[in-house]
Structure formats: C-alpha cells, structure tokens
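Accompanying notes for the structure given below.
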Amino acid sequence: MHKPVKYVEKALSVTANGAWFVFERLNRLRPNAAFTPKWSDKPLLKSYEKSKPPLGWPRTTDSLCPRCVPEIRQQILDGKLPQEILLNERVGEIKAQIIERDGKILMVKDCPKHGHFEDVMAIDTAFFRHLEETFPGRDIRSHNDQHLHHHGSSTVKWGRGAVLTIDLTNRCNMMCDPCFMDANQVGFVHELTWDEIKTMLDNAISIKPKRQMSVQFSGGEPTLSPYFLDAVRYSRKVGYTSVQAATNGIEFAKSKEFCRQAAEAGLRYAYLQFDGIGNAANAHRKVGNLFDVKLRAIENLHEAGVEIVPVTTIVNGINNEQVGRIVQFALDNPRIMSFCSFQPVSFTGRDEAVTDERRAAQRYTLSHLAHDVKKQTGLGEPARDWFPLSFMGPFSDFSDLVHGPQAEWGQLSCGCHPNCGVGMAIMIDKETKEATPVTAFLNADRLAKDVAKINDAGRGKFLSSLGMALAIMRNYNPFKTTTHFTLMDMLKKFDKSFGVSKKAQSGGYGKVTGDRTIEDIKIRRQDRWNMLFIAGMWFQDLFNYDFRRTEQCIIPYATQEGEISFCAYNTGIGWRNIIEKMHMTATLTKWYEEHGRHEIFAGGKRVQISNEASGVLTLKDEIITNEEQKDLDLLGIAKNAREEKLRARDARQKNDPAYNERMAKLYREVVLKEKPAQAENGFIPLETLAKPKPAAPVPEEVLGD
C-alpha cells in the first residue's frame, strides 16, 4: 500500500502536467537568441542546430583494415615511412558498412589486400536503435584548438571532452591480459617529466569550448610516477574539480598514509581495476591475492575521503558472469560506491593480433552488458532504462543557460557518439538498500525533450528553472519509486548535480571545487539517496573502428604531440606506439641501471597488505566466486594472447621436431651468452666433448615469441 504522500505527489504531477502545457506554449513565443559565454567563442547551440553523424542502418562509415594498420605502423616505427604520412594521407583506411543480420548489428568491411572482416556491434537491434534515437546531437565544434588537435583523419572535432587522460608512465607493477598499452613489454620507459605534465594540463584549458573536465592520471600504473601527487595537486590548482587516478590499487592498499596524501592533494576518484568478486574471479591477472588488495584499497581510500569507481574490463568467457555480482556488491555498499564502470574488451595492445576464433568467442558489446545486468540482477529494461552517455547533453545545456554568459567554465558534457558509451541510473536508499532504476519512475526520454524546449527558448534563470521544475514534476511517477523517496528528494538531487539554487552555488551540499575539505566530503555523503550509475564504455579496436566515433571523443589523451582521441591513441593507426617511441625516456636496460627495477606482481605473487580490515564493506558469501569461469576451456579456445602464442609454439613443434632444439640453442647463445663449440683445424677440442654443459631449460617466454 502506498503512503499518503505518494498520492499528494501524484496530484502535483498531474497539476504540473497541465501547467507545463501553458508554460511551454507561452515560452516558445519570441525565443531569445543564444548568448556566447566567456568559456566559448561560439554561441550556445539550440537543440535543432546540433549536428549528428550518420545513424541508423544500413549505413556506410570510414574504418581501418586490421592487417594494414600494424604493417604501416611498424614501417613508421622502423623509420621506413615518415610520421607525417598520418597527417596527410588516409593510411590503412577502408569503408565499412553497419548492417543488420540474424537479429544482430554487424560491421562488415573488405580490404583489397587482406580480404573480408566482420564483427558484432550489438546483439539486440531494439537496444541499438534506442541508443541512436535518443542521441541529442554533437557539442559545439572545438575551436582555438589548432595547436593541440592536428592528427589528420584522427583529429577530435567536436566539444572539449569530459575526461582528459594523461599517462604519467608506461611502467606498471602488474603484467595483465588484456592491456591497452602492453605495459612492461615494449623495451623502453616512457615517463613524463614535471614540466611536460604541467604543460599538458595548462594546454587543456586553452581549448574552447572550455568545459569543466575531469583529469584522469593513468599509465601503466600512475602511482609509480614520482610526480603523481604533484600532478593531482596542480590539477586542482588550475581549476579541475574532478581529479582521478586509473589504478590497480596496489599502492593504495599497501598504505593508508599514501591514501591520505592523495586525498589532501585533491584526488576525488579512484578508477579501480576490478574484474570480479573473489580472488578466483581475478585469477587471470596472475596476482595471488588481488581481490583482497581491491577490498583493502577501497577501505583505505574511502576512509581518506576518495570516492571509488570499480572499473571492469569485461571479456566474454572470462568474467562476464561477474557483471551481476559486481553490481550487487555496489548495491550492498551504497554509502561507499556510487558508480560502476564496465568496459567491454578492446582487442588492442597485447591482443591486437587476436585470432578470429578467440575474438568471436570473447567479443562483448554494450548490448551484452545491458542484458547481463537484467539477467543477473533483475534490474533495468535494456531499451527503456539504458541511454547513451550523450543523453545528458540537454541537461548540461540547461546548466550552461542558467549559469549565464559570465561563467568561467561550461558544464561537463559527455557528448560522445551513441555507440561509444551507455549508462543506467539506480536510486538506492542507503538506509534500507531498496533500489530501482531512475527511469522506472522518471520518463527520461520525454523529460529530455522538455528540457531541450526550455533551452531553445533561452529565457533567464528564473523562467528556465521554473520550466525545469514543471518538467521534472510532470514526468515523475511517485508510485514507481522506492518506498521513502519523494519528489522533493528528486528536485534536490537535480540541484546538487547542476547547481541551480543558491544553496548549490554556495557549497551547501558540500563543495567540489579546489578548496574542498574533508568536511565537504562528509556533507555530500550524508545524502540518504545514492544514485548508482552503471556505465558501459566500449573502446574501439581495429575490427570495429569508426572514425565518426573518433571525431567526437570525450576522453582525449594529452601527449607531447597534442590531444588525441582515446581510441585513435590506443588503437587506430597506433599513435601511442609512435609518440612513446618518439619521446622515449630511456631503454629498459638504461632505466634499470639508473633507477633499479620496480616490483612487479605476476605469476601468482601476493601483495603484502595488512590483515586489519575496517569493516565498512559488506561482502555477502553468495556473491563470492570460488573458481575461475571455464567457458573457454570447454570450447578449447585460448584465454589470452599468451596462450595463443604457446599454442602456436606447440603447433610448430608438432610439425617440426627440430624446432625445440633450435630454440634451445638460440636461448643458450643469445640469452645465456654461451659460445658454441668451435672447431680448431677441423677438430673440436676433446675437453668440450668430455665435459658437455647440461642443456638449459627453455622458458615459455622464449618459445612463445
């Protein structure tokens, strides 16, 4: 039975619906022209002025050949082709078609040299159509950016981005599969100097539209950089309110003091590598107690005031069964977690040479994610409750409108392509842990269209805010919410996010600006309602690459050669490989001579952490995984690039009995520096024959290459 307040709220909703029709008809008369804010040299866009890439299917787009690109990249790295070819020619590019076949969305393409390629884009056509139909359009075209955006067909063209990514180092204290950057395996160290870090941060705020951005320090493992804390501190100083670290959590798990220092420097979010619940679910990372490390890192960071975002690389057959367990873990800990980020595998870095068989078995899409959340937790209807990340565009535009032309920064805007990222919001009662999708009680699709109409009218703060309140109220269904959630709670949540009222602007909800204190953090955490955002970000690889996505990237990489789309940097033509070699700090040999070797956790090695737990986390026995997922074993398919190499070696040995003998001889001569027996005047010395050295065992690393 519903509480009486629910019936009162329903009456308010009905009243607001009638008032909206009057307001909207009056508001559309003589709309105001869009103003040009301080943070842009171009005016705010009306909804009907926003451009869109070609959507729907069948459609044609520009893509890359998965075989041509590695060949061309290697020629550039070897000095046989100039780097400038990437700026002036469309190297490796071919046309691709997005089509529907057998109830799936596919990308198909043909290279004149290497033949036919195809891959799955979605397993649910209704879901895919919903994402594209709710895409609100691109952001303002980037300007004042020629010094940073100049990468040929890979150039970022729209918006300012939402998360500036800076790889502080390519060194890492783990040896993971998969790995975007092939950390610890490229033969050299690429580590930014302090001056380079400052320059990248300063450059990023020179581009317009100058939107508020998050800065994410990544790697490798960013905490290995000697400038990690300084970089966090400087980011806050120059105006970034959300400073993040993409981390495996090892250093944070080992030291509460390090967590405290990071929080005081201004670290707001730790994007924590998090593959599943239980050590067995993390066993493919080859660290003996990795899940224990994650739990300790979460406890230490939360105590210090840093928010945690578990980030899961999802590989079909490896850990797709963990989706529901991870979401449930977040639902069980609403006072600690307000975000889950799932990243379907991108076959790049160590996995670029993936076999067709393994790629087909391990491919995981955003549609897989939406269906797995529904199947494993019961939460969310894929074509109702999931939206593209760019769906928030009209709400960002509203914030820009009401903050007026004198605002120094634009509102954060995730204006990526609808095929790039998705999300679903879950409202959780921290006290009772009751949860329901926000879009179950809020008609988000209609609300976004209402907000676009408010923005197009271009009124002042009062009328625009009034219109927003009416739009929220008329699209709100109190009978579909959690038991204790109210309409006033909904309005406060919105205000807390977009800063419309005086309370929000004065920091009454707890500041997020550079002068934020631990008291501000505590105030923000007092909110009874946790909006858990479950996000999926699908980075491209050479098999599904689409330049229409690259052009409007919201996660640009800051490098010594400008800012490059995340996918163009890590995949694409291979800007990472080229730039890191151009700006190589030292060879591994020289680095180790000068700095020594950093500790690497691999091969089952355990991280030494304290056994003392804080007890703030809830971990139910029923969601803990006690054995590895066996799907690929049953199919006889390799789990990663290393297994593929070992199988290729075994196949070569089977077909060539002398192969192992040759590899053993090569290992003794090249690695152990043993000299082969030399004949003198046609005879081998007797002592060589009398005292033969035992054959050295051949490591799998050598045989697998």
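Quantities reported herein were computed from a predicted structural model and do not represent experimental measurements.
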Would you tabulate the side-chain donor-acceptor contacts of residues 406-418 under 3.5 Å, counting partners in other chains and residues two or more places apart, or write 'none'?
unit_1, atom_1, unit_2, atom_2, d
Glu408, OE2, Lys38, NZ, 2.5
Gln411, OE1, Ser399, OG, 3.0
His417, ND1, Asn419, N, 3.0

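Annotation: Phe539 is in aromatic contact with Phe566 [ring centroid separation under 6.0 Å]. In summary, the aromatic rings of Phe441 and Phe485 are positioned with their centroids under 6.0 Å apart.
With values rounded to the nearest 0.5 angstrom, Asn530 atom CG is found 11.5 Å from Lys433 atom NZ. With rounding to the nearest 0.5 Å, the separation of OG1 in Thr312 from CG in Leu272 is 9.0 Å.
Both tests do not hold together for Lys237 against Tyr234: distance to the six-membered ring centre under 6.0 Å, angle to the ring axis within 45°.
Using a cutoff of 4.0 Å between basic side-chain nitrogens and carboxylate oxygens, Asp489 and Lys492 are not scored as salt-bridged. Between Lys294 and Glu299, no side-chain nitrogen of the basic residue sits less than 4.0 Å from a carboxylate oxygen of the acidic one, so the salt-bridge criterion is not met. One finds a salt bridge joining Glu381 and Lys374 here, because a Lys/Arg side-chain nitrogen approaches an Asp/Glu carboxylate oxygen to under 4.0 Å. Electrostatic pairing of Glu563 and Arg160 counts as a salt bridge here, judged by a charged N lying under 4.0 Å from a carboxylate O.
Using modelled atom types and a 3.5 Å distance limit, the side chains of Lys3 and His484 yield a donor-acceptor pair. In the model, Gln244 has a side-chain atom that pairs as donor or acceptor with a side-chain atom of Ser214 under 3.5 Å. Counted by atom type alone, Lys6 and Thr481 present one or more donor-acceptor pairs between their side chains at under 3.5 Å.
Without hydrogens or angle criteria, Asn144 side chain to Ile207 main chain gives no donor-acceptor distance under 3.5 Å. Side-chain atoms of Asn170 come within 3.5 Å of backbone N or O of His190 as a donor-acceptor pair.
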Q: Evaluate the criterion side-chain hydrogen bond (donor to acceptor under 3.5 Å, both in side chains) for residue pair Asp202 and Thr199; output intermediate values, then yes/no.
A: CA-CA 5 Å; Asp202 291 340; Thr199 297; 5.8 Å; no
